[in-house]
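Worksheet: one structure, shown below.
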Amino acid sequence: MVRFISGSTGDRVISRFVGFGLALFILGIAVGPPLGNLAGHMLSAHMAQHLILMLVVAPMFAWARPFSLAMALIHPDARGALAAWDSTAPWRWLMRHIQRPATAWLLFNGTLLIWHLPAIYRQTHASPWLHVCMPLSFLIAGWLFWSVVLETAASRRLGPGRSMLFVLTTAMVSAVPGALLAFARQPIYGISSDASLRHGLTPLADQQLAGLLMWIPMDLMLFGTAAFLFCAWLRESGNTDNLPMDPS
């Protein structure tokens with residue numbers, strides 16, 4: 001499978017290939033039964049699904065970089081032809097724009113907030129098309145977001161300090177709807193479900209659990225990532241401060 005590559009590059013390709021396969025497996029768990037079925041009836045299951053998509057599958061896809069992985073696994077001649085086509089394909093213009101850090105930040109947070117507006121969330125129960133679009137948009141927005149955070153040093157568009165703010169502000173935004181759901185005194189969405197009752201949850205308890213899932217695990221991961229980036233920023237600043245001064 002990796003006969004055209006060798007050494008450390010081959011090891012890196014294999015690890016990314018394994019990561020990509022694992023991401024597909026977890027994706028199947030998120031959208032398949034039973035979680036996929038429950039997500040259409042229980043707010044807490046829906047929240048668990050979108051957390052898996054945005055915080056587990058999406059960063060794994062971003063790290064694996066499927067297109068680069070495919071390019072590394074094909075013959076060099078085919079790789080050159082595909083790269084030439086890709087550089088001129090019209091969709092590259094769109095990809096360059098939606099992969100900008102500001103666009104990725106807006107899409108991630110906008111997707112998170114818009115889908116949980118009561119009127120729009122209720123529409124997903126009435127429209128099978130919207131019900132499919134919702135998890136797909138979570139996955140795409142998450143992939144764009146983590147593609148910015150997990151960029152290699154050679155292709156990095158944001159330094160560790162700006163990446164830390166990129167993640168930290170997202171943690172602050174995502175905490176708002178989670179806290180609102182967790183502390184609400186009555187069901188916000190007004191959708192009763194026999195599924196939640198079968199699992200021993202009233203609609204309000206289901207909503208509160210969903211709010212806690214959206215609030216605590218997401219913020220733990222985002223604040224943890226921001227802390228890691230902060231440490232990287234300090235190391236980078238320390239290395240810069242220790243550089244020898246120009247004697248001139």
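Here the structure is a predicted model, which is why all the values come from computation and not from measurement. The first residue in the sequence is number 1, and the count goes up from there.
Tracing side-chain contacts under 4.5 Å through hydrophobic residues (I, L, V, M, F, W, Y), one reaches L53 starting from L38; they form part of the same cluster. Note on M172 and L222: separate hydrophobic clusters, where clusters join Ile, Leu, Val, Met, Phe, Trp and Tyr whose side-chain heavy atoms are under 4.5 Å apart, directly or indirectly. Both L165 and L107 belong to a common hydrophobic cluster when Ile, Leu, Val, Met, Phe, Trp and Tyr are linked at side-chain heavy-atom distances under 4.5 angstrom. Under a hydrophobic clustering in which Ile, Leu, Val, Met, Phe, Trp and Tyr are joined whenever their side-chain heavy atoms come within less than 4.5 Å, directly or via other members, V173 and I216 fall into different clusters. Residues L35 and W115 share a hydrophobic cluster, clusters being chains of Ile/Leu/Val/Met/Phe/Trp/Tyr side chains in contact below 4.5 Å.
Shortest non-hydrogen contact noted between P118 and I188 is CG-CG2, 3.6 Å. Between M60 and V56, the closest heavy-atom pair is CG-O, 3.0 Å. Looking at every heavy atom in both residues, M214 comes nearest to P177 through CE-CG, 3.4 Å. The shortest non-hydrogen separation linking G142 to A58 is C-CB, 3.3 Å. Nearest heavy-atom pair across P59 and L150 is O-CD1, 3.5 Å.
Applying the side-chain hydrogen bond (donor to acceptor under 3.5 Å, both in side chains) test to every pair with at least one member in residues 215-232, sequence neighbours left out, gives these pairs: S174-D219.
We find the CE-CD1 distance between M54 and I140 to be 11.0 Å, quoted to the nearest 0.5 Å. If you take OG1 on T170 and CG on N109, they are separated by 4.0 Å, rounding to the nearest 0.5 Å. Atom CD1 of I52 and atom CG of L213 lie 10.0 Å apart (nearest 0.5 Å). Within the model, atoms CD1 of I120 and OG of S127 stand 12.0 Å from one another, a figure rounded to the nearest 0.5 Å. With values rounded to the nearest 0.5 angstrom, L181 atom CG is found 9.5 Å from Q208 atom CD. For the atom pair W129 CH2 and M134 CE, the distance stands at 12.5 Å (nearest 0.5 Å).
Between W233 and M164, the closest side-chain pair of non-hydrogen atoms falls below 4.5 Å. Side-chain contact between P160 and F230 is absent, with no heavy atoms from C-beta onward closer than 4.5 Å. Contact annotation: the side chain of W105 never approaches that of P101 to less than 4.5 Å [non-hydrogen atoms, C-beta and beyond]. Between L55 and W146 the shortest side-chain heavy-atom distance falls below 4.5 Å. Side-chain contact between W143 and V57 is absent, with no heavy atoms from C-beta onward closer than 4.5 Å. T103 places none of its side-chain heavy atoms less than 4.5 Å from the side chain of L144. Using a 4.5 Å heavy-atom threshold, the side chains of S163 and V149 count as separate.
Distance alone, capped at 3.5 Å, places no donor-acceptor pair between the D206 side chain and the M42 backbone. A donor-acceptor pair under 3.5 Å links the side-chain atoms of T124 to the main chain of Y121, judged by distance alone. Distance alone, capped at 3.5 Å, places no donor-acceptor pair between the N37 side chain and the P33 backbone. Using a distance-only test at 3.5 Å, with no hydrogens or angles considered, a donor-acceptor pair links the side chain of Q207 to the main chain of Q186. Under the 3.5 Å distance criterion, the side-chain polar atoms of Q49 are left unmatched by any main-chain donor or acceptor of A39.
Within 6.0 Å of the CZ atom in F223, the count of heavy atoms belonging to other residues, nucleotides or ligands exceeds 12. At most 12 heavy atoms of other shown residues, nucleotides or ligands fall within 6.0 angstrom of atom CD1 in I114.
Here H50 and H116 bring their ring centres to under 6.0 angstrom of each other.
Using the six-membered ring where Trp is involved, F166 and F145 have ring planes that are parallel, under 30° apart on the 30 and 60° scheme.
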